[in-house]
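All remarks here apply to the structure that follows.
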Amino acid sequence: MVGHERLSMSLAERLRRRIETLGPIDLGEYMQAALADPDSGYYATRDPLGAAGDFTTAPEISQMFGELVGLWAAAVWQQMRAPDPVLLVELGPGRGTMMADALRAAATTPAFRRALRLHLVEASPTLEARQRQSLSGTEAGWHRSLASLPDGPIIVLANEFVDALPIRQLELTASGWRERLVDCDGEGGFRFLLAESALAALVPGTLAATTPGAIAELSPARLALADALGRRIRQSGGAALIIDYGYEVSAVGDTLQALKGHRPHPPLQAPGTADLTAHVDFAAFAEAARQAGADVHGPVEQGAWLQRLGIAERARRLAQKRPAVMTDLHRLIDAGEMGTLFKALALAPPGQATPPGFE
Ligand code: SAH
């Protein structure tokens, strides 16, 4: 009876009971539950990508994106002095589209294609099944987290992964920074509640001069990823490519956003039914990776990065058969589209050559 009741209870109802019993939760916990709860989390229960889903990503717009990422990986492998074997790892591969396109392009460097061992880090069993379809015929290992990856030189790729890792928010009040916790609103929904928090001490000093009401976003989960990647790359050799939307300099601002059916949705409404993300603070991510011992290259705007890798020429060639490719090109590189909001950042061991596109 109890088990049955739990299964039939919505995620919102479970969070409500938990808050009523144990008190308000931080936004990171709320995001983690909304996105990754194994029974009712957003990613666990659906394929969110594409026109019929809630959002579209660069690899789903055009094959050119994954192909250029594959060529980038092959070039970086050569900068690494061509280790064999080398792990090629993708974090949060979605439908597996980017990796399928990247592998096709990587095959133009046969020695790289032979040397690479493919590993995918995916929390959602639903999306893992989708990736297995896209990559059928390709040998690969799946992991729930980075912790179980094998040792050795590694090339890590992550597109729109970091934005899905939980953030926490603080608001500046007359008496200093207070954390925004998630509480029940008494009417069956959720609301923010301000509370004193040890996290206040971690708000960068550069944000201190802002006016009351300002929101600062911190993400222990993202910094932990930057630290883990930085350490791993320093120790094992390799590189990481992080592409996401975000800002280059730490700044105040509420970037928490939920999307449902390609439209904004209130972030605290019906957790688990909408995508929930926040912009990436590339300055904070880069600093954590640097402190872990990696060299950081970029961030570079996605439009500029793709153009340095030759996307315009590739598009012109593809457009001879399929003129619509030019529309995709503009979605990926134009300033009003994904070209400037999205950024690319690379990590490499100290002294390794600058990865392509980051010169
Ligand atoms: N990279 C893909 C998908 C982006 S959506 C693309 O560009 O189309 C985010 C992806 O990260 C999904 O595959 C989601 O299931 C996965 N994900 C989110 N949080 C995760 C976590 N903590 N651990 C592992 N995978 C996660």
Side-chain angles (χ1 to χ4, degrees), residues 28-38 40-70 73 88-103 118-135 140-149 156-167 219-226 228-229 240-246 257-260 262 271-272 274-280 302 306 328 331-332 338 341-344:
E29 248 178 287
Y30 176 86
M31 264 182 98
Q32 179 69 23
L35 291 177
D37 181 87
S40 352
Y42 177 73
Y43 285 117
T45 51
R46 75 204 71 212
D47 170 2
L49 289 144
D54 296 312
F55 60 93
T56 302
T57 57
E60 299 298 332
I61 290 173
S62 170
Q63 68 184 72
M64 295 185 289
F65 188 83
E67 289 169 352
L68 290 172
V69 168
L88 181 64
V89 174
E90 184 176 356
L91 310 181
R95 290 179 165 176
T97 308
M98 184 177 94
M99 188 51 83
D101 293 336
L103 289 175
L118 188 57
H119 291 272
L120 302 148
V121 177
E122 174 56 65
S124 156
T126 309
L127 285 171
E128 176 186 327
R130 188 73 175 77
Q131 292 152 22
R132 285 183 186 275
Q133 278 175 15
S134 307
L135 297 167
W142 270 265
H143 306 259
R144 291 280 175 257
S145 81
L146 273 79
S148 56
L149 290 172
V156 180
L157 309 172
N159 184 63
E160 289 208 42
F161 172 73
V162 180
D163 67 75
L165 298 180
I167 60 151
S219 175
R222 295 174 184 183
L223 298 184
L225 173 68
L229 289 177
L241 175 67
I242 309 292
I243 304 178
D244 223 309
Y245 47 93
Q257 61 179 25
L259 274 185
K260 195 171 183 170
H262 297 264
D275 188 34
L276 195 55
T277 65
H279 285 34
V280 175
Q302 172 173 301
L306 290 172
D328 303 338
R331 280 184 77 185
L332 294 176
M338 300 176 81
L341 175 60
F342 283 73
K343 320 257 182 323

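Any value given below was found using the heavy atoms of this structure, including those in side chains, with hydrogens, waters and symmetry copies removed. All ligand and atom numbering here is 1-based and tracks the order in the structure. Just so you know, residue 1 is the first one in the sequence shown, and it goes up from there.
Atom numbering of ligand 1 starts at 1 in the shown order; those under 4.0 Å from a heavy atom of L49 are 8 (O). Atoms of ligand 1 found under 4.0 Å from any heavy atom of G94 (numbered from 1 in listed order, with element): 2 (C), 3 (C), 13 (O). Atom numbering of ligand 1 starts at 1 in the shown order; those under 4.0 Å from a heavy atom of P59 are 6 (C), 7 (O), 8 (O).
Remark: the backbone N or O of I61 is not paired with any side-chain donor or acceptor of R331 at under 3.5 angstrom. A donor-acceptor contact shorter than 3.5 Å links the side chain of Q131 to the backbone of G94. The backbone N or O of R144 sits nowhere less than 3.5 Å from a side-chain atom of S148 that would complete a donor-acceptor pair. The closest donor-acceptor contact from the side chain of K343 to the backbone of Q302 lies at 3.5 Å or more, if one exists at all.
When only non-hydrogen protein atoms are considered, atom 10 (C) of ligand 1 lies nearest to G92 O, 3.5 Å. From the protein, the heavy atom lying nearest to atom 13 (O) of ligand 1 is E122 OE1, 2.6 Å. For atom 9 (C) of ligand 1, the closest non-hydrogen atom of the protein is E160 O, 3.4 Å. T57 OG1, 3.3 Å is the protein heavy atom nearest to atom 6 (C) of ligand 1. Considering only non-hydrogen protein atoms, atom 22 (N) of ligand 1 sits nearest to L165 CD2, 3.7 Å. At the top of the distance list for atom 7 (O) of ligand 1, counting protein heavy atoms only, stands N159 ND2, 2.8 Å. The protein non-hydrogen atom at the shortest distance from atom 26 (C) of ligand 1 is F161 CE1, 3.4 Å. Among all non-hydrogen protein atoms, the one lying nearest atom 23 (N) of ligand 1 is A123 CB, 3.6 Å.
Looking at every heavy atom in both residues, M31 comes nearest to L276 through CE-O, 3.6 Å. Heavy-atom minimum distance, T56 versus E160: O-OE2, 4.2 Å.
Using cut-offs of 30° and 60° for the angle between ring planes, the H143 and H119 rings count as tilted.
Residues E60 and T97 bring a donor and an acceptor atom of their side chains to less than 3.5 Å of each other. In summary, the side chains of Y245 and T277 do present a donor paired with an acceptor at a separation below 3.5 Å, with no hydrogens or angles considered.
Using 4.0 Å as the threshold, P93 has a heavy atom nearer than that to some atom of ligand 1. Using 4.0 Å as the threshold, L35 has no heavy atom nearer than that to any atom of ligand 1. Within the structure, the closest approach of M98 to ligand 1 does not fall below 4.0 Å when heavy atoms are considered.
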